[in-house]
2 protein chains.
Amino acid sequence: MQNSFTEENYLKIIHSLSGREGTEVSTNALAESTSTRAASVTDMLRKLAEKGLIHYKKYQGVRLTDSGEKVAIQVIRKHRLWEVFLVEKLGFGWDEVHDIAEELEHIPSEILVEKLDRFLGHPKFDPHGDPIPDAKGNLTEPDYTILTDVHIGEKVLMMGVLDHAPSFLQHLDRSGITLGAVIEVKEINEYDKSASVQINGGPTLFISLEVSKNLLVQRR
Amino acid sequence: MQNSFTEENYLKIIHSLSGREGTEVSTNALAESTSTRAASVTDMLRKLAEKGLIHYKKYQGVRLTDSGEKVAIQVIRKHRLWEVFLVEKLGFGWDEVHDIAEELEHIPSEILVEKLDRFLGHPKFDPHGDPIPDAKGNLTEPDYTILTDVHIGEKVLMMGVLDHAPSFLQHLDRSGITLGAVIEVKEINEYDKSASVQINGGPTLFISLEVSKNLLVQRR
DNA sequence: ATATATTTTTAGATAAGTCTAAATTTTTTA
DNA sequence: TAAAAAATTTAGACTTATCTAAAAATATAT
């Protein structure tokens, strides 16, 4: 009763697309995210439904069952723990680890995950600021604020990113915007909503709305 | 031009079955080792031959090409590095790591392997005493002696095992026979070739011929 | 509310890796 | 060295995850 690599990926993607409210996910959205065609998704959904991992009624979209949710969360736990390993222990950049973790997350072995977790010191967040579920699947979603919601004059702590694209992360690296950096919003351009921000009390730089939208920060 | 999980396993097994001399491996031997049927092996051999990874003539057995050899050795390198990681860093026993390493060895990423190797301090041997090929595939086969070839009175160093079966390794653990242990052969029973050995100058115990045959030691 | 557009599902096909049963080749033995 | 045994390959089929094209269901728009 093992789930395949592919099945685990579907569950993980359904989880992330259905959000915290557990809303229905459409066939087309899944086709997009899995880089397959809608017909292939339908086939897989029938299979996952038979295994009791999703609620699925034809034409009605799909939702994870409790059992499917559990699997998805364990895959996410593994993904994020491996990312911590790759960055903290092996010295990868945060822009380089996604694809490798995508493979490692499917290595089956409960004990492996638990030992890895202990080895890493039970980290609560991955290198992108995403929270790591514990062994029971409990996950405390931190109350991050998106930088666009921060007012002029506020000083906030850089805690995570919404976009994980390597090019975006490399851009942040070049700007000195790393996890833990202090960001003070100095100015906001009315016209294009671009912002002037000071990093760690040092250099001031301009960031576009596109960037602001993807920065998760914490008020102090 | 990626090789699949399955292809890599065939290459690895052909490598180990053809030994240092690179002798031909039979279809049946491969069926046995891969837990498949001879017919399936034939199919795969045709495929590997088309990719230029093996020399294959119908009914004549199979040998790795230089290119196939290279792939096999990289898989072995990855397997053994991951085993070191699992034992040294995560605290697994040497009897527990084979199956997990069997999965990890197929994670594709040159950089990952090189960073892992550096993180582990470029180990030369895995937890069973098997040599780890370097990035170029060079492997210095150490000149181990099998314990059955050691004479009464000799003191040798425990350096490795031929059998990797968990039950065998657990048996060694219970006897205190770990890598690096000093073994002095005290007596050899003429009748069944069982031996009396002293471990680290401490307790003396009896080991069967079956055990002796699987212990690799080094004369000092 | 009906026609049109969009989304989703079904039907039938493909590739990878496996299988069984039958045919063929090689090896062994008498 | 011919017959029997063993090993190997071929033929045809199955499963998983995918595809395209066509059909069916749902949603949108006038």
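Here C/dT8 is the nucleotide among D/dT18, C/dT8, C/dT20 with the atom lying nearest to any side-chain atom of A/S26. Nearest to the side chain of B/A39, among D/dT18, C/dA21, D/dC19, sits C/dA21.
Residue A/S4 has no polar side-chain atom (N or O) positioned under 4.0 Å from OP1 or OP2 of D/dT16. Look at B/S40 and you'll find a side-chain N or O under 4.0 angstrom from OP1 or OP2 of C/dC19. Phosphate proximity of C/dA16 to B/T6: absent, as no side-chain N or O sits under 4.0 Å from OP1 or OP2. Put simply, B/N28 has a side-chain N or O that comes within less than 4.0 Å of OP1 or OP2 on D/dT8. Within the structure, every side-chain polar atom (N or O) of B/Y59 is placed at least 4.0 Å from both OP1 and OP2 of D/dT10. OP1 or OP2 of D/dT20 lies within a sub-4.0 Å distance of a side-chain N or O belonging to A/R37.
Between B/H128 and B/H164, the ring planes are parallel. Angles under 30° get that label, and only those over 60° would be called perpendicular.
Straight-line distance from the CD atom of B/E7 to the C1' atom of C/dA15: 12 Å, rounded to whole Å. One interatomic measurement links the two molecules: CD of B/E8 to P of C/dA16, which rounds to 16 Å at whole-angstrom precision. Distance B/Y10 OH to C/dA16 C1': 12 Å, rounded to the nearest Å. Rounding to whole angstrom units, CD of residue A/E50 and P of D/dT16 are separated by 10 Å. Protein atom CZ of B/R46 is 14 Å distant from nucleotide atom P of C/dT18, rounded to whole Å. Distance, B/E32 CD to D/dA6 C1': 15 Å, rounded to whole Å. To the nearest angstrom, P of D/dT16 lies 9 Å from NZ of A/K51. In this structure, the NZ atom of A/K58 is 9 Å from the C1' atom of D/dA25, given to the nearest Å.
Under a 4.0 Å N-O distance rule, the pair A/E21/A/R63 does not qualify as a salt bridge. At a threshold of 4.0 Å, the pair B/E102-B/K12 counts as salt-bridged, since one of the basic side-chain nitrogens sits closer than that to a carboxylate oxygen.
Aromatic rings of A/F85 and B/F85 (six-membered ring for Trp) have centroids within the 6.0 Å cut-off, being under it.
No contact: A/F5 has no heavy atom under 4.0 Å from any strand. Within the nucleic acid shown, A/T36 comes within 4.0 Å of sugar-phosphate atoms alone, with no base atom in reach, counting heavy atoms only. At a threshold of 4.0 angstrom between heavy atoms, the contacts of B/Y56 are confined to the sugar-phosphate backbone, with no base atom among them.
In this structure a side-chain-to-backbone donor-acceptor pair under 3.5 Å is present from A/K78 to A/I107.
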